[in-house]
Amino acid sequence: MITMLEAIRQALRDELAGDDKVVLLGQDIGDFGGAFKVTQGLVEEFGEQRVADTPISESAMIGAAIGAAMVGLKPVVEMQFIDFLACGYNQLVNFAGKMRYRWGQGASLVVRGPCGAGVSGSAFHSQSPESTYLCVPGIKVVYPSTAEDAYGLLRSAIQDPDPVLFLEHKFLYRRIKGEVGHQPIPLGKAALRRRGEKLSVITYGASSHTAQEVAEQFGDQVEVIDLRCLQPLDEACLFESVKRTNKVLLYHEAQKTLGMGAELSARISEQLFEYLDGPVVRVAAPDSPVPFSPNLEKAWLPGAEQLAEACRRLLAY
Amino acid sequence: MITMLEAIRQALRDELAGDDKVVLLGQDIGDFGGAFKVTQGLVEEFGEQRVADTPISESAMIGAAIGAAMVGLKPVVEMQFIDFLACGYNQLVNFAGKMRYRWGQGASLVVRGPCGAGVSGSAFHSQSPESTYLCVPGIKVVYPSTAEDAYGLLRSAIQDPDPVLFLEHKFLYRRIKGEVGHQPIPLGKAALRRRGEKLSVITYGASSHTAQEVAEQFGDQVEVIDLRCLQPLDEACLFESVKRTNKVLLYHEAQKTLGMGAELSARISEQLFEYLDGPVVRVAAPDSPVPFSPNLEKAWLPGAEQLAEACRRLLAY
Amino acid sequence: MTGEQLLQAYYFLKLNRALEEQLLKFYMQNKVVGGLYRSLGQEAISVGTAMALEPQDWVAPLIRNVGAFLVRGYRPRDLFTQYMAKATSPTAGRDCNTHFGDIQRGVVAPISMLGAMIPVMVGVGWGSRLQGLDRVGLTYIGDGGTSTGDFHEGLNLASVWKAPMVLVAEHNQFAYSTPTSKQMAITDLVDRAKAYAIPAEIVDGNDLMAVYAATRRALEHARSGRGPYFLECKTMRMRGHAEHDDARYVPAELLEEWRAKDPIDRFSQRLLEEFGFSQEQLSEQDQRVAKLIEEDAEFAERSPYPEGSRSQAQEGVFAS
Amino acid sequence: MTGEQLLQAYYFLKLNRALEEQLLKFYMQNKVVGGLYRSLGQEAISVGTAMALEPQDWVAPLIRNVGAFLVRGYRPRDLFTQYMAKATSPTAGRDCNTHFGDIQRGVVAPISMLGAMIPVMVGVGWGSRLQGLDRVGLTYIGDGGTSTGDFHEGLNLASVWKAPMVLVAEHNQFAYSTPTSKQMAITDLVDRAKAYAIPAEIVDGNDLMAVYAATRRALEHARSGRGPYFLECKTMRMRGHAEHDDARYVPAELLEEWRAKDPIDRFSQRLLEEFGFSQEQLSEQDQRVAKLIEEDAEFAERSPYPEGSRSQAQEGVFAS
Ligand SMILES: Cc1ncc(C[n+]2csc(CCOP(=O)(O)OP(=O)(O)O)c2C)c(N)n1
Ligand SMILES: Cc1ncc(C[n+]2csc(CCOP(=O)(O)OP(=O)(O)O)c2C)c(N)n1
Ligand SMILES: [Mg+2]
Ligand SMILES: [Mg+2]
């Protein structure tokens, strides 16, 4: 059993070892092993060329990764915190995301880094940026919740021909462990985490664990689906579930407004209207920055109680 | 009758004249009058200090506006095209948007500029960025569709204590005219453009005009609501409408995935489930960059035919 | 430059200019979709720098670098059809003007956001070196574009990584309507390079041979593992930002002064006077140019627009 | 500096250090929420620069500028409660460590993204001048932070607008684990300022009087309408990036060398030897410091955490 953090490192190592086109770049990722130590030891194994430290310049880092991808490399860019991707926003969204459509040349690159709240990181070390990169074309978004998935999905992300944003919830880094295989897991497949008959809870990332805990309280009523990938999205899996349970609750840590739940809700209302026996409910974070103090952060996070209460209400509907 | 572009200029002029804290900054906005000539003549009237040219540096422009707002000015930043706001993303989202929540100091500033497709501007001069700034906290988003609204809402936006993104559809600049008043129009009020009994089409921006044209084909069946402001949102107005018509169609030019329609759909499903007599339908642009060639762009844009067809289907549901 | 190269340079200079003159005709006939951006008076920079490249080098041209596309093997028709939004254009009508490229030819398509190409070409150079390839990445920036964050981040990264990369700064006095004096507090762009300890030199951008020679030095420096190189080409934008801009803000004397320094006139004169070429030899090239322009203009005119099916409009965002 | 100012500087230096020593205690007791960032060995920069400001000037301190907060009238309790996430902190527990400010005091709260404060303080200076106010905006940047796009865009804009703004670059040899040599190809940060024709000088950052004098010059320059000024303070980060970082990557000799240049030791010595202060006078200040630290530490410990209601957690994003 290894932690999610170790699983990510293992995926990077296996990719570096198996494909000499794979290179890593990031701040302090070499000798220092990165702020979270994800890349620890990799520079010793693969050298400074392939595990490259960069200056503090997120836009240049992503731009350089795009250029390197064009000449055939498969760069993996670490953001020290995913929040800092805001400083490289233009390169990712306007360069990487649009190039294949515009002139037929794609960029096979991964931007990865720690996201999410729950560790008192406050407003700039806790963000959940998935909507930001889902509401523009051209970027795949992967968000594992287990060590196994982190390993397998990261390997697929690195080999994927398109730009992938790989989100790693920092709360999970050392808190969950798993038996990690050796195989990539294809992008775009959701995981049914728990079978239930009356209500589908659709979730991803750290929230997937809370959802599973909560679902237990409801015997065989609540089904939990972990999306794992937000783009490409496994619509078939979640539609099948909703058709069966006829009720759906969307649960995530990102803000409610224009969070992933909004998109899922809209798709479900549009395509499964006749299957619905109740309103499509969202449980998500408020539309505010993430507060610092643990009590405030706890009140801010959409926690187990809030989810359980919403499940109860929806089941009773 | 003046054009929407003139109405925007008039609002800027009236604010500059009426409040000496108002200042404009942007590329080529002084002597040259801006790429679209929105600020033409203003530097002569108000001087280089208050109508300030800047170097090509969107991040610094927004940052400087934030600082100027802190010392009591009310800066209005022009983006030559709103697409270039991508280069100032971090300052707007992480600095301006979060400061009031974090330490109680807000930034009264407006970022404005031309957005939208339909003029063969291709991928980097045609974007509809509203979702990008709605899915993060702290930024108000205003999107007028008439000359009157452009005037009145821009005046309110400039006086608003919070950061406002003011979106001007470039297709409308010179194509629509209106009788413009002298009064600000408060933010957060939608406009009922056309009354109808069987279906509410909720829209905004240039799409509002298409929606009104299409609605005419359906006699008194189709109601058209123009949001005018996406944040703050006039939920009461649109909920009232949906409760009356029991069917709703969300129509906009921005991409479908995580477009404003997704959020509206989710709110409606969540809160008005029992009023719905049909699926909540979205008609929006595809999830791709905006193509250049007029034919392609036309096929890309969610046009009148597509909307009419969707109305027909939903009315018949 | 060999005699053959000189003649070739002459050909490309003329082709660049004739191409834009043809585009201007199309523009006046309303056949150009969107704005028309000219490189009038700056042709020596695109042609001179691109000719200095080795075949394995890569280039990322901007809007005024039509000459670089031509040197790199693109035809006038590629520019015509791009500007006219035809189905036969390199992007099949998906993107505009110079927004095209092809990695097989080592040409990277730009995005509009100024400065963005710099980090990307740093990555091209760096990524090539990692693979043991002898390849330099070259791109351009305007005086105005040097104010962007990407300019700074890109050059800093290039200098730290000693990336084989050459940046050609076209100092044409204006950024849209903004003169350099309102864009920066320095007068020479080379001063920007000091922030990165990147070797830099100023070159007369209207002197093709000087541009070529300086670019060779720059490439040689980059190729030898000593890192990036910065070239400031002094020149003048002889038209508005685009054809719809009458450039009233440009002092007439300034244009006058620079008209006398026209890069093509000067180069032709040197070919005749210094290098002993005959008028016939040049006329022969002019004829080649005229013929190609005519042929390609016709091709572009005959070309269809994209049909405009929804799938054409939407597909191809992802590989799968 | 007057005798009174010298004593005051001594007081703030010691307060800065004692405050962090108390924070370290809290940290060891697990009472600090999140990381603890120290300014050990760099105190003369924050204190010297902030003391040079006039009351109407504004400052935007970063994570290592605790001294600037103190000079500006904040108390140790403000830092303690911020670090401990208490309800009594300036942000009422909403944000962390030095992420607080108050425009009444001319103190701007930073965001984490390095470089971002620079354009903002350009706006503070520019916006003040537009209103006829005699005010300079001063902020800080680390060696690493000079690689960001905002550094470049901000300084360029400042220089073009001649904004009354002072940038203090703390060259403390490392950016997290990255030595300056891997951050940039230059050795002196002042070389960055050449790109903007901004006057710049290097100052011994561990010499409070030198820092103060240089900042006075810088402010005077900015105040007089001649535009921004760049000050590079050479110093050394004497701890890890944060307390959880053991900074193994820092050569022991380097620390040794800089320990001998401790800014407080040096300043004390000069006060005693050159300026004729007595040990008693200094001890008196030490006692003031100790008393205030004790009082405020107690205050912070006694302070409650925010209750954590949903409204506390969510509200206040917009004014209305
Ligand atoms: C980041 C960004 N901001 C604004 C623009 C709009 N824009 C396009 S060209 C231009 C002027 C460019 O001037 P310069 O870099 O000197 O190049 P030149 O046109 O003179 O060749 C501007 C402001 C842009 N393309 N990118
Ligand atoms: C834009 C951005 N990228 C990355 C980080 C993460 N980060 C925080 S501090 C730091 C090192 C800063 O070094 P320096 O600027 O030299 O300041 P010092 O810590 O030495 O005072 C880094 C990389 C950040 N805060 N902002
Ligand atoms: Mg220029
Ligand atoms: Mg440092």
Side-chain angles (χ1 to χ4, degrees), chain A residues 20-21 23 25 47-50 52-75 77 87-91 93-109 136-140 160-164 186-188 231-232, chain C residues 58 60 89-92 94-96 99-104 106-113 115-133 135 137 139 148-161 163 165 196 313-320:
Chain A
D20 62 10
K21 302 295 181 204
V23 293
L25 53 158
E48 283 198 357
Q49 299 292 307
R50 297 185 64 202
D53 278 329
T54 69
I56 303 172
S57 43
E58 284 74 11
S59 189
M61 289 157 68
I62 294 172
I66 294 169
M70 282 189 210
V71 295
L73 294 183
K74 291 171 184 157
V77 188
C87 301
Y89 176 80
N90 179 58
Q91 285 282 358
V93 163
N94 283 320
F95 213 128
K98 297 184 172 68
M99 55 192 273
R100 185 183 299 283
Y101 176 89
R102 294 173 52 239
W103 57 291
Q105 174 61 37
S108 173
L109 64 91
V136 288
I139 299 156
K140 293 179 175 170
D160 196 89
D162 290 309
V164 180
L187 305 187
Q231 167 64 264
Chain C
W58 280 34
S89 76
T91 63
R94 282 201 168 176
D95 212 331
C96 58
H99 286 197
F100 65 99
D102 178 357
I103 69 160
Q104 301 311 325
V107 177
V108 177
I111 69 169
S112 292
M113 287 71 184
M117 307 311 298
I118 300 172
V120 172
M121 295 310 279
V122 171
V124 161
W126 172 72
S128 298
R129 192 186 54 202
L130 283 192
Q131 297 174 82
L133 301 170
R135 177 188 292 148
T139 188
T148 61
D150 267 12
F151 172 88
H152 177 70
E153 293 196 2
L155 286 187
N156 187 59
L157 183 62
S159 69
V160 171
W161 277 357
M165 191 262 188
Y196 321 103
Q314 301 177 17
E315 285 171 10
V317 174
F318 292 113
S320 55

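Atom set for the values below is all heavy atoms of this structure, side chains included, hydrogens, waters and symmetry mates excluded. Everything quoted here is computed from the prediction, not taken from an experiment. Here is how names work: the chains are called A, B, and so on, in the same order as the sequence lines, proteins then strands, and each is numbered from 1.
Within the 4.5 Å cutoff, side-chain heavy atoms of C:S112 are placed close to those of C:H99.
Heavy atoms of A:N94 lying under 4.5 Å from chain C belong to its backbone as well as its side chain. Looking at A:I62, there are no atoms closer than 4.5 Å to chain C (heavy atoms on both sides), in backbone or side chain. Only the backbone of C:Q314 comes within contact range of chain A, with at least one heavy atom under 4.5 Å from a heavy atom of that chain. Proximity to chain C is limited to the side chain of A:K21, based on heavy atoms less than 4.5 angstrom apart. Both the backbone and the side chain of C:V317 come within contact range of chain A, judged by heavy atoms closer than 4.5 Å. Residue C:S320 touches chain A through both its backbone and its side chain, counting heavy-atom pairs closer than 4.5 Å. Proximity to chain C is absent for every atom of A:E48, based on heavy atoms less than 4.5 angstrom apart.
Around CD of C:Q131, the count of heavy atoms belonging to other residues, nucleotides or ligands within 6.0 Å exceeds 12.
Comparing C:A313, C:P90, C:A158 by how many heavy-atom pairs each has under 4.5 Å with chain A, the most go to C:A313. Most heavy-atom pairs under 4.5 Å with chain C: of the set A:C87, A:G63, A:G188, this distinction falls to A:G63. With respect to chain A, the highest number of heavy-atom pairs below 4.5 Å among C:V122, C:L130, C:I118, C:L133 belongs to C:L130. Contact count versus chain A (heavy atoms, under 4.5 Å) is highest, among C:G154, C:G127, C:A109, for C:A109. Top candidate by heavy-atom pairs under 4.5 Å with chain C, chosen from A:G106, A:P232, A:G138, A:P161, is A:G138. Between chain C and the residues A:D20, A:N90, A:D160, the most heavy-atom pairs under 4.5 angstrom are made by A:N90. Of the residues considered (A:I66, A:T54, A:V71), A:V71 shows the highest number of contacts with chain C, using heavy-atom pairs under 4.5 Å. Ranking C:T91, C:D102, C:V124 against chain A, the residue ahead of the rest is C:V124, based on heavy-atom pairs under 4.5 Å. Taking chain C as the reference chain and counting heavy-atom pairs below 4.5 Å, the highest number among A:Q91, A:E58, A:Q105 is found for A:Q91.
Between the OH atom of C:Y196 and the CG atom of C:L157 there is a distance of 11.5 Å, given to the nearest 0.5 Å. With values rounded to the nearest 0.5 angstrom, A:M99 atom CE is found 12.5 Å from C:D95 atom CG. From C:T139, atom OG1 reaches atom CH2 of C:W58 across 13.0 Å, with rounding to the nearest 0.5 Å. Atoms CD1 and NZ, on C:I111 and A:K98 in that order, are 8.5 Å from each other to the nearest 0.5 Å.
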Intermediate values then yes/no, side chain to side chain contact (heavy atoms under 4.5 Å, CB included), C:V108 and C:M117: CA-CA 9 Å; C:V108 177; C:M117 307 311 298; 3.8 Å; yes

C:R94/C:S89 under side chain to side chain contact (heavy atoms under 4.5 Å, CB included): CA gap, chis, key distance, verdict: CA-CA 9 Å; C:R94 282 201 168 176; C:S89 76; over 6 Å; no

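Listed by first then second residue, pairs satisfying side chain to side chain donor-acceptor pair (under 3.5 Å) with a partner in residues 116-130 of chain C read C:S128-C:R135, not counting sequence neighbours.
For the residue pair A:I139 and A:V136, the shortest heavy atom distance occurs at CD1-CG2, 4.1 Å.
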